[in-house]
K.L.:
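I am attaching a structure below and will ask some questions about it afterwards.
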Amino acid sequence: MDLALSDFLNLALNGLAEGLLVALPALAVTLVFGVARFPNAAVRDFVSLGSFGALTAHRLSGGSMLAAGIGAAAAGAAGTWLGWRLAFAPLLRRKGLALLLTSIGVGFVLRAAMGLGFGHEIKLFDLPPMRAWRWGDLVINPLDVFVGGMSLACVVLVFALLRFTSTGRTMRAIADDMDLARVVGIDSRAAMTRMWLLSGIVCGVAGLAYGLKTQVSPESGADMLLPAFAAAVVGGLGNPLGAVLGAIGLGVLQELSTPFVGFTYKIALSYVAMLLVLLWRPQGLFGRAQGVR
Amino acid sequence: MNRLDRRQLLISGVTAALLGSRGAWAQSQATFRIGALNPVTGSGANFGSGMQKSIVFAAEEVNAAGGAAGRKLEVFSEDDQTNPNAAVLAAKKLLEVHRVQAILGTWASGVSLAVLPMTNTANVILMHTSGAVALADPKVNAKKLAFRYQGSSKHLSRAFAEAARKEGLRRPAVMAQNNPALAPHAEGFRKVWEGAGGKLTDFVLYEPGRPSYRSELQQVLRSKPDGIILSAYVADATAIVRDWGQLGTPMKWIIPGFGANVDFIKGVTPEVAEGIVVVESVVNERSSAYARFARQYALTMKQAPESNVYAAMCYDMVQVLALAIEAAGPGADAVAVAAKVRDVTTGKGQPVGSFEEGKKLLAQKKAINYEGASSSVDFDDENDVDPTFAAFVIRAGKWQRAYAING
């Protein structure tokens with residue numbers, strides 16, 4: 001089939017939209033990894049929890065997006081805070097593997113609880129019908145613009161928080177060296193609590209974005225865990241900017257590849273890209289050799 | 001453990017005794033044990049709970065009528081998560097721990113294909129609602145212990161081709177989820193359609209669980225079809241049709257009922273769904289079995305019974321199984337019961353609409369033919385029912401019956 005330039009641009013736009021969607025959970029994965037040093041498999045379930053928070057608030061408020069966002073962030077933050085207090089805090093100094101297994105367990109419990117509380121049926125947001133914007137052959141979906149914009153805003157806020165506030169500085173300090181941070185008087189537990197709350201809010205907003213684009217169910221976050229991990233690994237685990245750029249890069253690459261490899265193999269391709277990056281730069285594109293920011 | 005002390009010895013002794021007695025009890029003929037293995041979670045979640053509850057209330061109905069051949073039905077419920085891996089573990093538990101003699105209500109083809117070898121090995125009956133043609137393969141269903149209550153992909157493909165013809169499509173395209181039921185359904189459609197001299201502009205298989213199918217949709221639309229056959233479940237059908245609604249390109253869609261249910265219509269909005277053609281096997285709405293099922297389903301699930309044709313199939317499974325147990329007589333094993341399934345459902349017997357009715361006639365040594373809630377439940381040589389399909393058109397957010405299709 002002959003493809004015009006506009007077709008490739010459309011594919012790139014689709015990839016960008018998908019990348020921005022994956023960027024938030026990737027950011028959540030990398031935030032936890034940067035500070036607590038383990039890949040948090042429960043991110044998928046915190047994302048689902050955020051979706052439920054968003055959906056509930058959206059329905060209760062009669063369709064307010066602002067309420068949905070607040071509900072999502074509150075649900076995500078409540079989820080990670082509970083997870084931290086009940087499961088992760090007692091294991092603070094353990095090795096990554098113990099924490100990874102704990103996060104898998106936390107995910108199981110959370111998923112079962114959501115199943116009991118909300119049921120397993122697939123739920124959808126009631127959205128008004130929208131029309132795509134067209135510039136010649138270019139097609140842009142208003143929902144993608146909204147979701148992408150929300151995602152970007154969230155990312156920018158997280159960066160600003162990490163960069164310019166004392167909370168961010170303490171988080172970066174314990175990410176560098178927890179013992180040294182304690183020696184200079186940083187309350188590492190308080191900083192960890194704030195990190196978990198932040199990652200919960202990011203998961204919650206991701207849940208809203210994902211719920212708007214797809215569906216809401218206790219398992220709905222599952223499909224986004226592997227792409228999020230891949231993005232975080234490509235970008236360099238622990239590096240927030242890397243995770244976001246990794247997600248966008250993989251998304252665009254994946255969609256642009258479809259005319260050549262088809263729709264079934266585009267997913268495999270993003271993992272091939274991940275493997276190649278790891279062979280070339282084992283620390284990830286933006287990671288430092290020791291994985292320390 | 002280094003050595004056994006008295007307490008541990010006692011505990012293990014008691015455990016062994018309990019296990020032994022439970023084993024012996026399992027052998028007793030006072031109950032017939034059924035596993036309800038349904039998609040309570042995963043992509044079949046919109047149907048799974050209703051299917052499971054229908055099995056339970058159908059079994060209660062049978063027990064209230066005095067049980068089958070003197071045996072009470074006992075139901076053990078498991079969630080197959082619409083996932084073959086989870087289903088195999090759950091089936092293993094049902095077969096080895098609960099020692100069930102029949103597993104009812106697997107939905108996804110991948111799940112039924114994974115469970116069937118296990119039920120075959122254990123000489124246990126499997127009744128399912130999956131579409132994959134492979135399930136009727138003489139090698140796969142060698143012992144004829146598996147029964148299909150849903151139209152197979154071959155029926156559904158033919159029904160789709162018929163609907164596409166009736167809708168006047170000349171150059172449709174196909175989009176289908178790449179899984180063991182939907183991809184063969186799409187392939188089957190292509191075979192029937194092209195076999196009759198028709199043309200397709202594009203044929204796209206997409207992977208499930210993606211956040212968006214925009215690129216797939218754009219490729220299909222580039223081929224300028226006059227209609228799209230979409231073989232999808234609710235989540236992906238919603239994402240695809242929602243995207244299309246935003247583009248504003250006129251298009252005739254034909255979607256299977258399991259993909260275009262009430263949640264789909266809500267998700268894409270009734271405006272966008274207006275005019276979409278839905279092909280679905282229809283329940284046997286005039287039967288007394290359907291009336292009874294519908295009343296009980298509405299009571300139990302607080303949902304409209306017509307939203308879950310698979311629950312009606314599950315209801316029929318229990319009724320048929322109980323009649324077959326009754327016909328096989330006291331103490332019959334699963335193989336003997338399976339051999340009676342066709343006798344009580346198919347052929348020239350007196351039509352019956354419930355277990356209770358059939359039981360009375362069987363006691364008088366009369367031949368019976370169960371008329372079910374989901375279909376008339378007549379099995380062909382491959383143990384497949386041949387359901388009636390109908391085309392519906394979505395109007396103002398509701399399915400409206402358009403015409404019957406003979407798959």
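Order of the sequence lines sets the chain letters (A, B, ...), proteins ahead of strands, with each chain counted from 1.
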K.L.:
Could you tell me which portion of A:Ser217 (side chain, backbone, both or neither) has an atom closer than 4.5 angstrom to a non-hydrogen atom of chain B?
P.N.:
neither
K.L.:
Please name the pair of heavy atoms, one in A:Pro128 and one in B:Thr269, separated by the smallest distance, quoted to 0.1 Å.
P.N.:
C-CG2, 4.5 Å
K.L.:
Taking side-chain contact (heavy atoms from CB on, under 4.5 Å) as the test, write out the residues that go with A:Phe146, two or more places apart.
P.N.:
A:Met65, A:Met150, A:Leu212
K.L.:
Using non-hydrogen atoms only, which part of A:Lys123 is less than 4.5 Å away from chain B: side chain, backbone, both, or neither?
P.N.:
neither
K.L.:
Within a radius of less than 6.0 Å around CZ of B:Arg170, do more than 12 heavy atoms belonging to other residues, nucleotides or ligands occur?
P.N.:
no
K.L.:
With a 4.5 Å cut-off on heavy-atom pairs, point out which of B:Ala239, B:Pro211, B:Gly209, B:Gly267 contacts chain A the most.
P.N.:
B:Pro211
K.L.:
Identify which part of B:Gln218 has an atom lying under 4.5 Å from any heavy atom of chain A, answering side chain, backbone, both or neither.
P.N.:
side chain
K.L.:
Do A:Glu18 and B:Ser212 pair up side chain to side chain, a donor and an acceptor below 3.5 Å, judged on atom types alone?
P.N.:
no
K.L.:
Using a cut-off of 6.0 Å, state whether more than 12 heavy atoms not belonging to A:Tyr265 lie near its atom OH.
P.N.:
no
K.L.:
Between B:Arg210 and A:Asp223 (salt bridge meaning N to carboxylate O under 4.0 Å), is one present in this structure?
P.N.:
no
K.L.:
Is any side-chain heavy atom of A:Asn141 less than 4.5 Å from a side-chain heavy atom of B:Asp243?
P.N.:
yes
K.L.:
Please check if the side chain of B:Asn46 supplies one atom and the backbone of A:Ile122 the other of a donor-acceptor pair under 3.5 Å.
P.N.:
yes
K.L.:
Report yes if some heavy atom in the side chain of B:Lys266 is under 4.5 Å from a heavy atom in the side chain of A:Asp126; otherwise report no.
P.N.:
yes
K.L.:
Step by step, work out the side chain to side chain contact (heavy atoms under 4.5 Å, CB included) result for A:Lys213 and B:Arg242.
P.N.:
CA-CA 10 Å; A:Lys213 282 288 288 172; B:Arg242 215 189 235 172; 6.0 Å; no
K.L.:
Give a yes or no on whether A:Asp137 atom CG has more than 12 heavy-atom contacts from other residues, nucleotides or ligands under 6.0 Å away.
P.N.:
no
K.L.:
Which pair of non-hydrogen atoms, one from B:Val204 and one from A:Phe263, has the smallest distance, and what is that distance?
P.N.:
CG1-CD1, 3.6 Å
K.L.:
What distance do A:Met114 atom CE and B:Thr41 atom OG1 have between them, rounded to the nearest 0.5 Å?
P.N.:
12.0 Å
K.L.:
Sort out for me which of B:Arg214, B:Gln81, B:Glu207 touches chain A most, counting heavy-atom pairs under 4.5 Å.
P.N.:
B:Arg214
K.L.:
Which of residues 244-251 of chain B have a heavy atom under 4.5 Å from any heavy atom of chain A?
P.N.:
B:Gly245, B:Gln246, B:Leu247, B:Gly248, B:Thr249
K.L.:
Under the side chain to side chain donor-acceptor pair (under 3.5 Å) rule, what do B:Gln219 and A:Asp7 come out as? Steps first, then yes or no, please.
P.N.:
CA-CA 9 Å; B:Gln219 181 184 312; A:Asp7 295 323; over 6 Å; no
K.L.:
Less than 4.5 Å to any heavy atom of chain B: does that hold for the side chain of A:Leu13, its backbone, both, or neither?
P.N.:
neither
K.L.:
Is there a donor-acceptor contact under 3.5 Å linking the side chains of A:Gln215 and B:Asp263?
P.N.:
no
K.L.:
Side chain from CB out, backbone as N, CA, C, O: work out which of these in B:Ser215 comes under 4.5 Å of a heavy atom of chain A, or both, or neither.
P.N.:
both
